[in-house]
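Structure first, commentary second.
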Protein chains: 2
Amino acid sequence: MATRKRMSPLAEQILEALEERGYRTTEPRRAVAQVVANQDRHFTAEELRQMLPGLGRATVFRSLKLLVDVGVLCRVLLEDGALHYQMSLRGHHHHLLCVECGISQDLTGCDIEDVLTQTSDRHGFELSGHWLEVYGRCRDCRSKEAVSA
Amino acid sequence: MATRKRMSPLAEQILEALEERGYRTTEPRRAVAQVVANQDRHFTAEELRQMLPGLGRATVFRSLKLLVDVGVLCRVLLEDGALHYQMSLRGHHHHLLCVECGISQDLTGCDIEDVLTQTSDRHGFELSGHWLEVYGRCRDCRSKEAVSA
DNA sequence: GTGGTAACAGATACTTGGGCTCAATAAGGA
DNA sequence: TCCTTATTGAGCCCAAGTATCTGTTACCAC
C-alpha cells in the first residue's frame with residue numbers, strides 16, 4: 001500500500017493497540033479504526049455497518065469483537081437492553097448514560113468496587129466481576145428543560 | 001372452569017399480582033405462574049418454553065413480559081450477555097451470581113444507591129435508574145474447591 | 001344460564017442481530 | 001519471489017423475539 005490516507009491520532013492509537021497484540025493492520029481495520037475514532041458517543045454494530053458500506057458484514061462484526069478484546073472498545077448496555085459500543089482506551093470503568101440525549105460520561109472517582117467487595121464478603125461470595133450501567137439526565141438536558149419551562 | 005389444579009402459595013401470589021393490575025388469570029397464565037414459582041434459580045425464555053410445551057411461543061414471551069411489567073419477575077443479565085429471568089416479589093434489588101453453579105443471591109444491605117447518587121451529582125447527572133449485576137463464586141463452590149484441593 | 005364484548009391464545013410468517021463456512025486475497029517473513 | 005498464514009467478503013444459516021390474524025375464553029349484564 002503506497003498511499004495511505006492520513007489518520008487521526010486516535011485512530012493511530014487504535015491501530016497501535018492492534019499491532020501490540022500481534023494483529024495485522026489491514027485496510028478494512030484502518031477504515032474501522034478511523035470511523036470508530038470519529039464517534040463521540042456510543043453506537044450499535046448496525047450503525048457502524050452503515051458508516052462502512054464497503055465492508056463485509058462479517059468483517060464489521062469481527063472487527064468489533066476484536067476491538068473489544070483488545071480493549072479499545074467497551075460494550076454499553078442501554079436501558080432497553082440494546083447493546084452499544086464505545087471507545088475505551090482506559091481500563092475498567094462504568095458509564096453514566098443520559099436517557100434523553102444519549103450521551104455517555106465515564107464514571108470516575110467512584111468507590112463502588114469497595115462497596116461491592118464488602119457486600120460480597122458479607123454474602124460469602126468471592127467477587128470476580130460486575131456490570132454496572134447508570135441512567136439519568138445530563139447537566140445539559142436538565143438546564144435546557146429549566147430554560148424552556 | 002370447574003376443576004382447577006391446586007397451586008402452590010407462591011403461584012397464587014403471582015396470580016394475585018396479575019389480578020391486582022386488572023389482568024385476567026387464564027389457564028395458560030396459571031400454568032406459567034406454577035412453573036415460574038417452582039424455579040429456584042434464573043432461567044431463559046427458551047427454558048420456560050420447554051417446560052411448557054403446550055403453550056404457544058408468543059404466549060410464553062408475552063407472559064414473561066407481563067410478569068416483568070407486573071414486577072413478579074426480574075431480568076438477570078449473565079456475564080456472557082445472556083438474558084435470564086428470576087422471581088422477584090421484592091422491589092428493586094441486585095443479584096450476586098455465582099459463575100460456577102449459577103445460583104443467585106439477592107443483594108441486601110447494599111448502600112450502592114447512595115454511592116451512585118453522590119457520584120451522579122458530581123457529574124451533574126440526575127439519577128433515574130441503573131443496572132447492576134455482580135459475578136463471583138458462592139460460599140458452597142468455594143468450600144467444595146477447598147475440600148478437593 | 002345466555003349472550004355480547006373485549007381480552008387473550010396460538011399459529012405462523014417475519015424481522016433483527018449475529019455467527020459459520022469457505023474460497024479468494026493480502027500481508028509479511030524467508 | 002515464494003510460501004505460509006491471517007484476513008476478507010459473500011452468502012447461508014440460526015436463534016430470539018415480534019407482528020399479525022383468526023379463533024377462543026373470561027367476564028359482566030341480564
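- When all heavy atoms of B:H130 and B:L116 are compared, the closest pair comes out as CG-CD1, 3.7 Å.
- In this model, the phosphate group of C:dA26 is not approached by any side-chain N or O of A:R24 to a distance below 4.0 Å at OP1 or OP2.
- Here the C1' atom of nucleotide D:dG9 and the CZ atom of A:R29 are 14 Å apart, to the nearest Å.
- Put simply, CG on B:L77 is 15 Å from C1' on D:dA16, counting in whole angstrom units.
- In the set C:dA9, D:dA10, C:dG17, C:dG17 carries the atom at the smallest distance from any side-chain atom of A:E46.
- Rounded to whole Å, atom C1' of C:dA7 lies 11 Å from atom OH of B:Y23.
- Looking at B:R62, its side chain comes within 3.5 Å of the base of C:dG10 through a donor and an acceptor atom.
- Aromatic ring pairs are classed by plane angle as parallel below 30°, tilted from 30° to 60° and perpendicular above 60°; the pair B:H42 and B:H84 is perpendicular.
- Computed from coordinates, the A:L55 CG to D:dT7 P distance equals 14 Å when rounded to whole Å.
- Atom CG in B:L52 sits about 14 Å away from atom C1' in C:dG10, given to the nearest Å.
- Nearest-nucleotide assignment on DNA chain D puts the 5′-proximal partner with B:L83, out of B:L83 and B:E19.
- When side chains are defined from C-beta on, A:L97 does not count as touching B:W131, because their heavy atoms never get closer than 4.5 Å.
- Following rounding to the nearest Å, B:F61 (CZ) and D:dA19 (P) show an atom-to-atom distance of 13 Å.
- Counting non-hydrogen atoms under 4.0 angstrom, A:T26 reaches the backbone sugars and phosphates but no base.
- Side-chain atoms of A:R49 stay outside donor-acceptor range of the base of C:dG17, with no qualifying N/O pair under 3.5 Å.
- Looking only at side-chain heavy atoms (C-beta outward), A:D140 and A:C101 stay at 4.5 Å or farther from each other.
- Comparing B:A58 and B:G22 by the nucleotide of DNA chain C that holds the closest heavy atom to each, the one mapping nearer the 5' end is B:G22.
- Distance, B:H84 NE2 to D:dA16 P: 10 Å, rounded to whole Å.
- For B:P28, whose side chain is taken as the heavy atoms from C-beta onward, the closest listed nucleotide among C:dA9, D:dG9, C:dC8 is C:dA9.
- In this structure, the CD atom of A:Q50 is 13 Å from the C1' atom of C:dG17, given to the nearest Å.
- The environment of B:Y135 atom OH is dense: over 12 non-hydrogen atoms of other residues, nucleotides or ligands sit within 6.0 angstrom.
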